[in-house]
2 protein chains.
Amino acid sequence: MYSSELIKGTLKTIILKLLTENEKMYGYELTQKVKDMTGGKIQLTEGALYPTLHALENQGILTTEVVNVGNRLRKYYAITPSGREIASEKVNEFTDFIATMITLLDLKPNLG
Amino acid sequence: MYSSELIKGTLKTIILKLLTENEKMYGYELTQKVKDMTGGKIQLTEGALYPTLHALENQGILTTEVVNVGNRLRKYYAITPSGREIASEKVNEFTDFIATMITLLDLKPNLG
DNA sequence: TAATAATACCTAATTTTCTTATGTATTTAT
DNA sequence: ATAAATACATAAGAAAATTAGGTATTATTA
């Protein structure tokens, strides 16, 4: 697990990127997907995730669909066309930011 | 300039790394150095910088030396041995974080 | 089968970290 | 002379997260 301050500011980017690659995902699924893909290094906390999802929905960036699975609710989130644009911008900005930080900190990233 | 949320959490890492490479620097110098090295893409704000420098000093990570230049004060900051360890840890953590994010977001970073 | 862990959602209080605004003062450039 | 740059600092407020709590179902395991 990374120190919490590092991960700050990347939550929206992570959510939007994953939702461009998967047509719909629910909150818990997002936490597990991120945990799996990062070997547990990034774990989204529910207290941060759910309010962010709600905000993105209110902004028209995501839409929701509630599904009953057994007796349990699942709230699926899907990205809208305008959300795709924002996702793309965010990912590009983050890519640029990484390049800038590599230069600034003189990093030697080991790209698998 | 990047959206502010992106830069969050990197301030300490930037300060400590630059102070491992330069035996002493003062606050204003840090703002200019970062601005120059990033082509203006990252600009440290004084409201964030000075309180952080003070905190690092209080934690024994930095030491200070006030110098009179003309009639103007300059407060030079230098990193302590324990600060070097923390700087190293922070840079390593950030490097690892970048690798994780590249995988997670499936990025194609253009490494100049 | 009782207890625990995992799944699945949510909110509220607090903390952390940053932005924005403001202040003081000297030096350099126009 | 005036404005911009240099150089420090703090304080109010906003933003984004953490921590901690709540509800409920389903699967595991002791």
Side-chain angles (χ1 to χ4, degrees), chain A residues 1-16 24-36 40-59 61-62 64-77 90 93-94 97, chain B residues 1-16 18 24-36 40-59 61-78 90 94 97:
Chain A
M1 272 285 282
Y2 300 118
S3 69
S4 63
E5 50 186 16
L6 255 194
I7 305 175
K8 284 181 185 178
T10 60
L11 179 57
K12 264 187 245 174
T13 307
I14 291 171
I15 293 171
L16 294 180
K24 58 177 183 173
M25 296 180 85
Y26 54 99
Y28 186 76
E29 186 184 10
L30 280 163
T31 67
Q32 298 309 301
K33 183 82 173 174
V34 169
K35 189 179 167 190
D36 288 352
K41 285 175 176 175
I42 298 180
Q43 276 167 265
L44 307 186
T45 60
E46 297 174 314
L49 177 62
Y50 288 115
T52 300
L53 287 172
H54 301 162
L56 292 172
E57 186 188 1
N58 290 335
Q59 290 159 29
I61 293 169
L62 303 180
T64 59
E65 177 197 359
V66 177
V67 173
N68 240 299
V69 179
N71 277 326
R72 207 148 51 184
L73 290 182
R74 263 186 206 167
K75 197 167 176 181
Y76 279 99
Y77 290 86
K90 286 217 163 277
E93 190 189 24
F94 190 74
F97 174 67
Chain B
M1 273 285 282
Y2 300 115
S3 68
S4 64
E5 50 184 18
L6 256 193
I7 304 175
K8 284 185 184 176
T10 60
L11 179 56
K12 264 187 245 174
T13 306
I14 291 171
I15 293 172
L16 294 179
L18 289 179
K24 58 178 184 174
M25 297 181 83
Y26 54 100
Y28 185 76
E29 186 183 11
L30 281 163
T31 67
Q32 297 309 301
K33 183 83 174 173
V34 170
K35 189 179 166 190
D36 287 352
K41 284 176 177 175
I42 298 179
Q43 276 167 267
L44 307 186
T45 60
E46 297 173 312
L49 177 62
Y50 289 115
T52 299
L53 287 172
H54 301 161
L56 292 172
E57 186 188 2
N58 290 336
Q59 291 160 27
I61 293 169
L62 303 179
T63 56
T64 58
E65 179 198 359
V66 177
V67 173
N68 239 300
V69 179
N71 276 327
R72 205 146 53 182
L73 290 181
R74 262 187 205 166
K75 198 166 173 181
Y76 278 99
Y77 289 86
K90 285 215 164 278
F94 190 74
F97 174 66

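Chain naming here is simple, since letters A, B, ... match the order of the sequence lines and numbering starts at 1 in each.
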Practice item. Please work out if Leu11(A) contacts a base, only the sugar-phosphate, or nothing of the nucleic acid, heavy-atom cut-off 4.0 Å. Key: sugar-phosphate

Point to revise | Between C1' of dT6(D) and CG of Leu44(B), the distance in whole Å | key: 16 Å

Review point. Gln43(B) has an atom CD; how far is it from atom C1' of dT20(C), in whole Å?
Key: 15 Å

Practice item. Select base, sugar-phosphate, or nothing to describe what Glu46(B) touches, counting heavy atoms under 4.0 Å on all strands. Key: base

**Study point:** Donor-acceptor pair (no angle test) under 3.5 Å: Arg72(B) side chain, dT6(D) base
**Key:** yes

Check your understanding: Can Ile7(B) and Leu44(B) be said to form a side chain to side chain contact (heavy atoms under 4.5 Å, CB included), step by step?
Key -> CA-CA 9 Å; Ile7(B) 304 175; Leu44(B) 307 186; 5.7 Å; no

Exercise for review: Pick base, sugar-phosphate or nothing for Gly47(A), based on heavy-atom distances below 4.0 Å to the nucleic acid.
Suggested key: base

Exercise for review: On DNA chain C, check which nucleotide each of Ile7(B) and Tyr26(A) is closest to and give me the residue with the more 5' one.
Suggested key: Tyr26(A)

Study note, to complete from the structure: From CG of Leu73(A) across to C1' of dT7(C) the rounded distance in Å is 12 Å

Point to revise | Tyr26(B) and its ring pair (Phe, Tyr, Trp, His ring centres under 6.0 Å) partner, picked from Tyr77(B), Tyr50(B), Tyr76(B) | key: Tyr76(B)

Exercise for review: May I ask you to evaluate whether His54(B) reaches the phosphate of dC8(D), defined as a side-chain N or O under 4.0 Å from OP1 or OP2?
Suggested key: no

Review point. When the distance from CG of Asn58(A) to P of dC10(C) is rounded to whole Å, what number comes out?
Key: 12 Å

Point to revise | Residue whose closest nucleotide on DNA chain D lies nearer the 5' end, Tyr28(B) versus Tyr77(B) | key: Tyr28(B)

Study note, to complete from the structure: Atom CG of Leu49(A) and atom P of dT7(C) are separated, to the nearest Å, by 15 Å

**Study point:** Interatomic distance, Tyr76(A) OH vs dA8(C) P [rounded to whole Å]
**Key:** 8 Å

Practice item. For Ile15(A) and dA17(D), give me the distance from atom CD1 to atom P, rounded to whole Å. Key: 9 Å

**Study point:** Student check: side-chain heavy atoms of Leu30(B) and Leu53(B) closer than 4.5 Å
**Key:** yes

Review point. What is the nucleic acid contact for Gly27(A), judged by heavy atoms within less than 4.0 Å: base, sugar-phosphate only, or nothing?
Key: sugar-phosphate

Exercise for review: Would you kindly compare Gly9(A) and Val69(A) by the position of their nearest DNA chain D nucleotide and give the one closer to the 5′ end?
Suggested key: Gly9(A)

Review point. For atom NZ of Lys75(B), is the number of surrounding heavy atoms from other residues, nucleotides or ligands below 6.0 Å larger than 12?
Key: yes

Review point. Do any side-chain nitrogens or oxygens of Thr45(B) fall under 4.0 Å of OP1 or OP2 in dC18(C)?
Key: no

Review point. Within the pair Tyr50(B) and dA9(D), is there a side-chain N or O less than 4.0 Å away from OP1 or OP2?
Key: no

Check your understanding: OP1 or OP2 of dC10(C) sitting under 4.0 Å from any side-chain N/O of Lys75(A)?
Key -> yes

Review point. Do Lys33(A) and Asp36(A) touch side chain to side chain, with heavy atoms closer than 4.5 Å?
Key: no

Review point. Tell me: NZ of Lys35(B) to P of dA7(D), nearest whole Å?
Key: 13 Å

Review point. How about Lys12(A) and Thr52(A): do any of their side-chain heavy atoms sit closer than 4.5 Å?
Key: yes

Review point. Between Asn71(B) and dT27(C), is there a side-chain N or O to OP1/OP2 distance below 4.0 Å?
Key: yes

